[in-house]
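Below is one structure, written out as structure tokens; comments come after it.
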Amino acid sequence: MQGKTGERGGRERRYWLFKSEPSTFSFDDLKGRPERTEHWDGVRNFQARNYLRQEIQVGDRLLFYHSSIPEPVIVGIAEVVRGGYPDWTSWDPESGHFDPRSTEAKPLWYMVDVRYLRPFPRPVTRSELKAIPELAGMVLLKKSRLSIQPVSEAEWRVILRLGGIEEG
DNA sequence: GCCAACGTTGGC
DNA sequence: GCCAACGTTGGC
């Protein structure tokens with residue numbers, strides 16, 4: 001049987017943008033993990049949940065975006081090392097992300113695991129992105145609030161070049 | 001700190 | 001199922 005959960009199954013790599021407030025969890029925090037993987041837990045928005053549950057797969061790559069700071073900026077890239085699985089912090093009353101509607105038997109929220117890849121030699125600010133015509137359609141610039149969002153391959157290439165990474 | 005945009009909730 | 005009220009996000 002093909003297309004088992006977590007397997008790539010010949011699908012093209014996809015690209016994403018994950019937002020995080022650096023005071024909560026920064027790119028350096030991700031870099032600093034001993035095993036260099038981290039649960040991306042706590043997402044409590046249905047549109048983002050749907051990406052996490054179904055669309056985001058092992059091997060996909062993501063832009064790491066720092067939000068809610070004076071100069072919002074993409075600081076580097078990371079890789080998905082585990083596809084969507086239930087976000088258990090949602091049924092743990094001790095966690096800050098508890099949601100009584102979610103249970104182990106019927107999870108409501110999902111997360112993925114990611115691994116640090118590399119920082120941008122030149123971090124790319126939001127205002128830089130806004131100045132590039134090819135990026136005018138970016139979800140980030142049109143639907144700023146969505147915390148997990150798709151990035152097209154063309155956008156990915158433009159942004160990596162801006163950031164000073166030749167091949168990603 | 002302000003406020004626009006947007007997602008969620010709940011009364012009907 | 002509509003929609004007003006409300007809460008949150010996040011750029012500025």
Side-chain angles (χ1 to χ4, degrees), chain A residues 14-33 38-56 60-80 83-114 116-117 119-152 154-165:
Chain A
R14 286 196 201 157
Y15 302 99
W16 307 93
L17 182 144
F18 282 25
K19 287 194 303 193
S20 187
E21 295 189 25
S23 60
T24 303
F25 187 76
S26 72
F27 194 54
D28 276 345
D29 290 332
L30 181 66
K31 181 182 184 177
R33 302 289 150 162
E38 185 64 25
H39 311 303
W40 202 273
D41 63 272
V43 174
R44 298 293 180 265
N45 166 282
F46 286 104
Q47 199 176 346
R49 187 281 307 268
N50 293 342
Y51 290 135
L52 290 169
R53 185 175 58 181
Q54 306 211 305
E55 313 261 332
I56 301 177
D60 285 358
R61 294 197 167 167
L62 56 105
L63 301 166
F64 200 112
Y65 179 83
H66 281 172
S67 68
S68 293
I69 51 177
E71 179 90 273
V73 63
I74 300 173
V75 286
I77 60 177
E79 181 175 33
V80 176
Y85 63 102
D87 180 348
W88 42 262
T89 66
S90 66
W91 60 71
D92 174 9
E94 302 297 305
S95 91
H97 298 131
F98 178 64
D99 182 344
R101 297 173 299 174
S102 181
T103 64
E104 211 159 341
K106 244 191 155 199
L108 183 60
W109 304 112
Y110 285 74
M111 59 182 169
V112 300
D113 290 354
V114 301
Y116 174 90
L117 277 183
F120 279 167
R122 298 190 323 102
V124 182
T125 65
R126 180 182 182 86
S127 58
E128 277 181 85
L129 297 172
K130 283 162 70 178
I132 310 285
E134 298 101 294
L135 301 180
M138 267 193 90
V139 179
L140 183 68
L141 302 179
K142 314 207 98 172
K143 273 202 146 190
S144 197
R145 290 181 56 187
L146 188 58
S147 65
I148 303 278
Q149 44 181 267
V151 171
S152 76
E155 290 162 352
W156 175 267
R157 282 203 228 94
V158 169
I159 292 166
L160 257 65
R161 193 165 354 103
L162 283 173
I165 295 179

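In what follows, every heavy atom counts, from backbone to side chain, and hydrogens, waters and symmetry copies are set aside. Chain letters run A, B, ... following the sequence lines, proteins first, then strands; residues in each count from 1.
- Dashed line: the shortest gap from a side-chain N or O of A/Lys143 to OP1 or OP2 of C/dG10 is not under 4.0 Å.
- Atom P of nucleotide C/dG11 and atom CD of A/Glu71 are separated by 11 Å, given to the nearest angstrom.
- At whole-Å resolution of the value, CD in A/Gln149 and P in B/dC6 are 13 Å apart.
- One finds a side-chain N or O of A/Arg101 lying less than 4.0 angstrom from the OP1 or OP2 phosphate oxygen of B/dT9.
- By the 4.0 Å N-to-carboxylate-O rule, A/Asp87 lies close enough to A/Arg44 to be salt-bridged with it.
- C/dG10 atom P lies 11 Å from atom CG of A/Leu17, rounded to whole Å.
- Counting only heavy atoms from C-beta on, A/Pro72 has its side chain closest to C/dG11 among C/dG11, C/dC12, B/dT9.
- For the pair A/Arg145 CZ and B/dC6 C1', the interatomic distance rounds to 4 Å; values are reported in whole Å.
- Residue contacts for A/Arg49: at a heavy-atom cut-off of 4.0 Å it reaches no nucleic acid atom on any strand shown.
- Checking B/dT8, B/dT9, C/dC12 against every side-chain atom of A/Arg126, the shortest atom distance belongs to C/dC12.
- Taking atom CG on A/Leu141 and atom P on B/dC6, their separation rounds to 13 Å, with Å as the unit.
- With B/dG7, B/dT9, C/dG10 as the choices, the nucleotide that has an atom nearest any side-chain atom of A/Glu21 turns out to be C/dG10.
- The nearest whole Å value for the distance from the CG atom in A/Leu146 to the P atom in B/dT8 is 10 Å.
- For A/Trp109 and A/Phe46, the ring centers are positioned less than 6.0 Å apart.
- Separating the CD1 atom of A/Ile69 from the C1' atom of C/dG11 is a distance of 11 Å, rounded to the nearest angstrom.
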| request: Start with the C-alpha distance between A/Leu63 and A/Phe120, add both sets of side-chain angles, then the distance that settles side chain to side chain contact (heavy atoms under 4.5 Å, CB included), and finish with yes or no. | output: CA-CA 10 Å; A/Leu63 301 166; A/Phe120 279 167; 4.0 Å; yes
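- For A/Tyr65 and C/dG11, the OH to P distance is 4 Å, given to the nearest whole Å.
- Aromatic ring pairs are classed by plane angle as parallel below 30°, tilted from 30° to 60° and perpendicular above 60°; the pair A/Tyr116 and A/Phe27 is tilted.
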